[in-house]
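Scroll down for the structure; my scribbles are underneath it.
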Amino acid sequence: MEVRPYRDFLVELATASGDLIRPYFGAADLQVDLKADETIVTKADRDAEALMREAILKRFPDHGILGEEYGAERPDAEFVWVLDPIDGTISFASASPLFGTLIALEHNGRPVLGCIHQPVLRQLLIGDNETATLNGAPVHVCHTPSLSQATLLITDVVDVPKHQNGPAFDALLKDVKIVRTWGDCYGYLLLSTGHADIMGDPIMNPWDIAALIPIVQGAGGVITDWQGRDANGADSILAATNPTLHAEVVRRLNP
């Protein structure tokens with residue numbers, strides 16, 4: 001399918017939501033609320049999603065929407081926009097730039113277009129499963145050949161034993177070169193632009209995942225769930241820069 005018209009609209013959504021989010025970053029009076037699931041949310045999260053939903057319904061009234069803050073609308077439509085207005089709200093609320101806005105377009109249930117937008121650093125990474133660009137310039141994953149030379153990123157090491165095989169993960173950490181918690185969507189931006197080799201999250205929601213698939217694949221990487229299965233519809237993610245490295249990590253995490 002031709003994604004160019006939707007890509008242009010995706011850029012509009014990212015730009016508009018970024019303009020809304022940016023003034024809240026680092027604000028001393030930023031109000032942080034606790035949701036029913038005990039995750040945090042801010043006015044920036046809610047207002048950015050509301051802005052994007054309104055724009056989508058105005059431009060494409062027949063399209064569906066799935067968003068973190070306001071749920072699903074026409075989820076069975078041919079085209080569905082998947083929105084996470086601020087992925088990494090803990091970082092955002094702490095004035096750390098390791099967050100971003102995730103926007104994806106699904107066609108018949110599969111992501112065909114996605115972006116990670118970091119509005120403070122003004123980085124817009126877009127992927128379509130075949131190519132990926134950062135601020136319009138092509139980007140690719142790096143080609144680190146082995147675990148011993150790899151940089152591994154994880155959003156939160158504490159979450160791993162809660163949802164996956166903790167001892168296997170701890171053993172893996174000893175065999176990579178560098179481990180950092182440069183996580184949430186920004187970790188996938190670093191991987192897709194050649195600055196990291198492995199990125200994973202042991203538990204995720206649909207709005208966390210959809211945009212990552214066309215980005216990582218477009219940059220030449222491999223993305224699956226924690227067990228190496230299809231990332232689409234998964235509840236965890238494991239991404240790596242090449243099939244050999246990815247296969248080795250999957251094997252080590254699931255002995």
Side-chain angles (χ1 to χ4, degrees), residues 1-22 48-49 51-53 55-56 59-60 63-68 78-88 92 97-142 153 182-196 199 201 204-224 231-232 237 239-241:
M1 60 167 288
E2 175 56 52
V3 300
R4 184 175 299 277
Y6 302 113
R7 183 188 182 101
D8 293 342
F9 180 65
L10 181 147
V11 173
E12 292 179 27
L13 291 179
T15 301
S17 61
D19 289 344
L20 185 150
I21 291 167
R22 201 174 295 110
E49 182 171 323
L51 179 152
M52 290 189 285
R53 294 176 83 103
I56 292 166
R59 183 75 63 88
F60 301 110
H63 286 197
I65 303 173
L66 173 63
E68 178 176 8
E78 178 183 1
F79 292 95
V80 176
W81 295 88
V82 185
L83 310 173
D84 189 346
I86 299 180
D87 182 71
F92 173 75
L98 300 179
F99 74 93
T101 298
L102 292 172
I103 306 169
L105 177 63
E106 294 182 343
H107 180 241
N108 291 329
R110 297 206 66 90
V112 295
L113 194 62
C115 85
I116 300 170
H117 184 219
Q118 211 307 324
V120 176
L121 301 177
R122 299 179 188 271
Q123 294 175 305
L124 179 57
L125 175 62
I126 300 175
D128 62 9
N129 289 309
E130 296 182 0
T131 63
T133 61
L134 179 65
N135 294 346
V139 292
H140 305 278
V141 297
C142 58
L153 308 182
W182 300 334
D184 294 305
C185 66
Y186 204 76
Y188 299 94
L189 184 150
L190 291 172
L191 181 140
S192 299
T193 54
H195 300 292
M199 172 64 195
D201 280 289
M204 298 185 86
N205 292 297
W207 47 81
D208 301 318
I209 294 174
L212 304 179
I213 296 171
I215 290 171
V216 172
Q217 291 184 162
V222 182
I223 182 167
T224 67
N232 193 39
I237 285 294
T241 56

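Just so you know, residue 1 is the first one in the sequence shown, and it goes up from there.
- Considering every non-hydrogen atom in both I21 and F92, the closest pair reads CG2-CE1, 3.7 Å.
- In this structure, A219 and S192 approach most closely via the heavy-atom pair CB-O, 3.4 Å.
- Residues S17 and A48 share a closest heavy-atom pair of CB-CB, 4.3 Å.
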Note to self: Is there a side chain to side chain contact (heavy atoms under 4.5 Å, CB included) between L153 and L191? Walk through the geometry before answering.
What the structure shows: CA-CA 9 Å; L153 308 182; L191 181 140; 5.8 Å; no

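- Contact between P214 and G114 at its shortest, heavy atoms only, is CG-N, 3.5 Å.
- Between V3 and H107 the shortest side-chain heavy-atom distance does not fall below 4.5 Å.
- For the pair I215/Y188, no side-chain contact is recorded, criterion being any heavy-atom separation below 4.5 Å from C-beta on.
- No side-chain heavy atom of L105 sits less than 4.5 Å from a side-chain heavy atom of L10.
- N135 contributes a side-chain N or O that, together with a main-chain N or O of L124, makes up a donor-acceptor pair within less than 3.5 Å.
- For the atom pair CD1 (I213) and OG1 (T224), the distance works out to 10.0 Å, reported to the nearest 0.5 Å.
- With I65 as reference, L83 is the one residue of L83, V82, V80 to meet the side-chain contact (heavy atoms from CB on, under 4.5 Å) rule.
- Taking CG of L125 as the reference point, atom CG of L189 lies at 5.0 Å (rounded to 0.5 Å).
- The two residues C142 and T241 make their nearest non-hydrogen contact at O-CB, 3.4 Å.
- Counting heavy atoms from C-beta on, the side chains of V222 and V216 never come closer than 4.5 Å.
- For the atom pair CD1 (I237) and CG (D201), the distance works out to 8.0 Å, reported to the nearest 0.5 Å.
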Next item on the list: Take L190 and M199, measure what side chain to side chain contact (heavy atoms under 4.5 Å, CB included) needs, and give me the verdict at the end.
Entry: CA-CA 9 Å; L190 291 172; M199 172 64 195; over 6 Å; no

Next item on the list: For the pair F99 and Q118, evaluate side chain to side chain contact (heavy atoms under 4.5 Å, CB included) and give the outcome as yes or no after the intermediate values.
Entry: CA-CA 7 Å; F99 74 93; Q118 211 307 324; 3.2 Å; yes

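- Here the side chain of T101 pairs a donor or acceptor atom with the backbone of P85 at under 3.5 angstrom.
- The 12-atom threshold is not exceeded at CZ of R122, counting heavy atoms of other residues, nucleotides or ligands nearer than 6.0 Å.
- Counting heavy atoms from C-beta on, the side chains of H63 and Y6 come closer than 4.5 Å.
- Within the model, atoms CG of L13 and CD of E49 stand 11.5 Å from one another, a figure rounded to the nearest 0.5 Å.
- Put simply, CG on N232 and CD on E106 are 6.0 Å apart, with the number rounded to the nearest 0.5 Å.
- Under the 30°/60° scheme for interplanar angles, the aromatic rings of F60 and W81 are found to lie parallel.
- Rounding to the nearest 0.5 Å gives a distance of 7.5 Å between CG of D84 and SG of C185.
- Using a 4.5 Å cut-off on side-chain heavy atoms (C-beta onward), L102 and L212 make contact.
- In this structure the side chain of R7 reaches within 4.5 angstrom of the side chain of I126, judged on heavy atoms.
- Residues H117 and I103 form no side-chain contact, since every pair of their non-hydrogen atoms from C-beta on lies 4.5 Å or further apart.
- Side-chain atoms of D184 do not come within 3.5 Å of backbone N or O of D208 as any donor-acceptor pair.
- The two residues P111 and A210 have their closest heavy-atom pair at CB-O, 3.4 Å.
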